[in-house]
Amino acid sequence: MADSSNPLAGLDPEQAAVVTAPAGPLCVLAGAGTGKTRAITHRIAHRVRAGHVRAQHVLAVTFTARAAAEMRARIGQLGAGGVQARTFHAAALRQVRYFAPRLFSGREMPELLDSKARLVGLAATRVGVKIDGTGARDLAGEIEWAKSSLIEPADYAVAAAKALREPPFDAARVGEVYAAYERVKRAQGVIDFEDMIRAAIWAMEEHEDVAQQIRSQYRHFVVDEYQDVNPMQQRLLESWLGDGEDLTVVGDASQTIYSFTGASASYLVDFKRRHPAATVVRLIRDYRSTPQVVGLANTVIGQARGELARLRLELVGQRPPGPEPTARAFPDEPQEAAAVAARCRELIAAGTPAEEIAVLFRVNAQSEVYQEALAEAGVPYVVHGAERFFERTEVRQAMIALRVATRSLPPDAPLAESVGHALEGVGWRPAETPAGGAAREKWEAVAALVALAESMPALSLEAFNEELARRAALQHVPTVAGVTLSSLHSAKGLEWDAVFLVGLAEGTMPVIHARTPDAVEEERRLLYVGVTRARHTLWLSYAGARAPGGRPRRASRFVPFLEPGRAYEPGRRPAGNARPGIGKVEVVARVRRTVAVSCRVCGAGLLSGPERKLGRCATCPADRDEELLARLLDWRARLAAVQKVPAFVIFTDVTLAAIAERRPGRREELAVIAGIGPRKLGLYGDDVLALVSGKTVEDLVGSD
């Protein structure tokens with residue numbers, strides 16, 4: 001447990017200044033890795049323990065349930081239990097539910113929509129806009145932006161034009177769908193999350209008794225990640241405060257990356273103007289990353305322009321020196337991905353845990369080539385995006401099944417066996433990894449529970465259920481031992497020992513639709529966030545073409561030193577204890593002749609990964625041995641169960657389909673199929689050739 005007897009123990013001078021700052025408005029400008037959570041939780045605990053405030057009068061708000069849970073845990077460890085730490089939505093929801101009889105004429109709060117998509121689709125139909133599921137999600141996003149920005153349907157078109165939005169349909173039509181959505185929602189007697197926050201605001205602005213009761217309960221406020229608040233959340237905060245001034249905000253303008261959702265760093269930038277008596281403290285000592293990583297981060301953000309650049313912080317690395325960042329240029333994405341996978345394998349072999357490695361990219365569509373390359377290299381991986389793990393439907397169903405199983409399964413049975421048996425009741429099968437992204441995500445979510453059980457063999461099933469309940473309360477996701485694949489946006493708030501920033505090419509970083517100066521600057525900040533995720537090892541790379549023989553492209557303007565022949569020239573000397581000259585990045589351009597692949601049916605050039613693997617155009621006829629494909633799939637499933645790995649790690653569906661089409665008779669013929677490198681040829685080549693020759697699966701792996 002942390003030492004709560006001395007609030008300044010272990011704090012640097014700037015963190016101590018946060019803890020001891022006087023009551024009233026306080027703005028903490030906190031760079032990445034500078035210990036902001038430590039500083040603000042010590043401040044809260046110090047004020048509570050010193051008797052300056054009462055724990056029940058403090059409300060700390062942030063943006064994720066995970067961050068709120070961490071804050072509650074830390075404050076509790078410091079001896080100040082009772083402080084409320086919640087997300088904006090959770091805090092507003094609690095208040096609206098409590099005051100619902102006063103706000104809704106004696107009725108309970110209306111049902112809260114989990115998703116807007118269905119009602120948006122219905123609204124679009126009513127105004128004559130034809131959309132599919134993707135269109136409904138895009139329209140829902142525009143409506144969320146408008147509502148979070150306090151924009152009414154009639155004002156949407158003008159506001160969208162001023163904000164330089166690029167709506168999925170004509171702006172006037174989006175406004176019509178927005179208006180129809182509001183009508184449909186009222187007719188069905190439901191509300192969405194933005195309505196709920198509006199209700200909390202309205203409760204205080206229009207009901208003085210409600211405002212007085214809330215303000216007597218909460219008198220001291222702390223807002224984390226203040227650069228991410230939107231106009232609606234800011235108005236809620238102002239409603240909570242009333243005439244109060246006891247407000248601490250913490251943020252970093254250089255990590256403003258969510259403006260497309262309505263977030264605005266202007267409240268952070270203007271805090272001193274709106275609160276002239278505010279104390280401002282800058283946290284610049286970076287405890288996360290080596291000076292080499294810190295130096296590169298400073299170089300990336302040092303070129304920033306615009307209003308937010310005024311609050312730019314130059315970080316000072318506090319860790320011992322580490323390896324210099326690595327920069328690589330490759331002819332195409334498959335070669336880039338193969339090199340990244342090989343380096344991941346080397347790091348793991350040298351002792352870096354797989355879960356301490358991340359591959360970060362700008363858009364999710366870049367993930368596929370890295371999944372394939374990592375699988376080919378035998379490197380386990382997970383695709384990030386399960387922050388709300390315990391809210392997934394399949395996880396909730398699995399947890400219910402596990403609780404029910406405590407009444408029927410022997411209490412002394414091995415935990416993993418009991419968990420596996422219980423989960424069969426909800427349709428989970430260890431050897432039946434489904435195809436398709438969504439189905440596979442569901443399977444892997446339940447598989448994470450099984451893996452967690454296998455890591456805790458000493459627990460009983462009842463104790464395991466208690467552990468799951470504890471983790472659910474804290475929003476903890478079971479750790480899977482694999483390299484993390486994540487978009488840069490999803491990586492915000494996380495960190496790893498080794499980080500690979502890939503695909504750093506113009507059109508991807510900055511993304512092609514970043515056409516305004518403000519949008520380009522947000523892309524620069526997004527790259528800065530990516531750099532600052534790395535503790536020790538950092539890799540940056542780009543490919544000169546997306547596919548072999550594809551259209552050439554240049555390295556990102558943010559990292560021009562990736563271009564062959566260019567040198568890394570820091571805009572400012574790397575900070576911290578780096579030795580002179582540190583931070584120079586070696587550029588290695590691996591230029592190899594591109595191997596053209598032609599369709600074996602029509603002779604056309606093949607560019608996409610699946611077509612190159614199959615050796616034919618997707619539209620050309622296939623001579624596939626369906627019986628052989630069925631045996632290959634059965635063999636893969638059984639082998640995956642034995643090895644306790646997802647089936648696609650052995651071979652992807654496309655690779656098996658290519659084998660069933662080509663029916664190779666020799667190892668040389670098998671080796672030319674894309675996705676079958678030397679390692680997999682050695683591990684599985686004999687089995688595959690035996691299956692092609694007519695052997696049954698039972699001949700190879702038995703009937704168990």
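Quick note: numbers below take in every heavy atom, side chains included, and nothing from hydrogens, waters or symmetry partners.
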May I ask you to decide if Val692's main-chain N or O and Arg663's side chain share a donor-acceptor pair within less than 3.5 Å? no
Donor-acceptor pair, side chain of Asp699 and main chain of Thr696, under 3.5 angstrom: yes
Quick test of your reading of the model: are Glu626 and Arg631 salt-bridged, counting only N-O distances below 4.0 Å? no
Using a strict cut-off of less than 4.0 Å between a Lys/Arg side-chain nitrogen and an Asp/Glu carboxylate oxygen, indicate whether Arg535 and Glu495 qualify as a salt bridge. yes
Quick one: does any side-chain atom of Arg533 pair with a main-chain N or O of Val499 as donor and acceptor, under 3.5 Å? no
Show your working on ring pair (Phe, Tyr, Trp, His ring centres under 6.0 Å) between Phe361 and His489 and close with a plain yes or no. CA-CA 9 Å; Phe361 34 76; His489 280 103; over 10 Å; no
Name all residues meeting the salt bridge (charged side-chain N to carboxylate O under 4.0 Å, His left out) criterion together with Arg97; count only those two or more places apart in sequence or in a different chain, and write none if there are none. none
Straight-line distance of Ile357 CD1 to Arg345 CZ, nearest 0.5 Å: 12.5 Å
Are Arg667 and Asp686 close enough for a salt bridge, meaning some N to O gap below 4.0 Å? yes
With a 3.5 Å distance limit and no angle check, can you tell me whether Thr41 reaches the backbone of Arg38 through a side-chain donor-acceptor pair? yes
Taking Asp332 for the side chain and Ala543 for the main chain, is one N or O donor matched with an acceptor at less than 3.5 Å? no
For the atom pair OH (Tyr98) and CE (Met109), what is the distance rounded to the nearest 0.5 Å? 16.0 Å
Ion pair present between Lys116 and Glu194, side-chain N to carboxylate O less than 4.0 angstrom? yes
Charged N to carboxylate O under 4.0 angstrom, Glu70 versus Arg66? no
Report yes or no: does Ser418 contribute a side-chain atom to a donor-acceptor pair with the main-chain N or O of Pro414 at less than 3.5 Å? yes
State which residue, out of Leu113, Val96, Leu112, fulfils the side chain to side chain contact (heavy atoms under 4.5 Å, CB included) condition with Ile191. Leu112
Under a 4.0 Å threshold between the charged nitrogen and the carboxylate oxygen, would Glu466 count as salt-bridged to Arg403? no
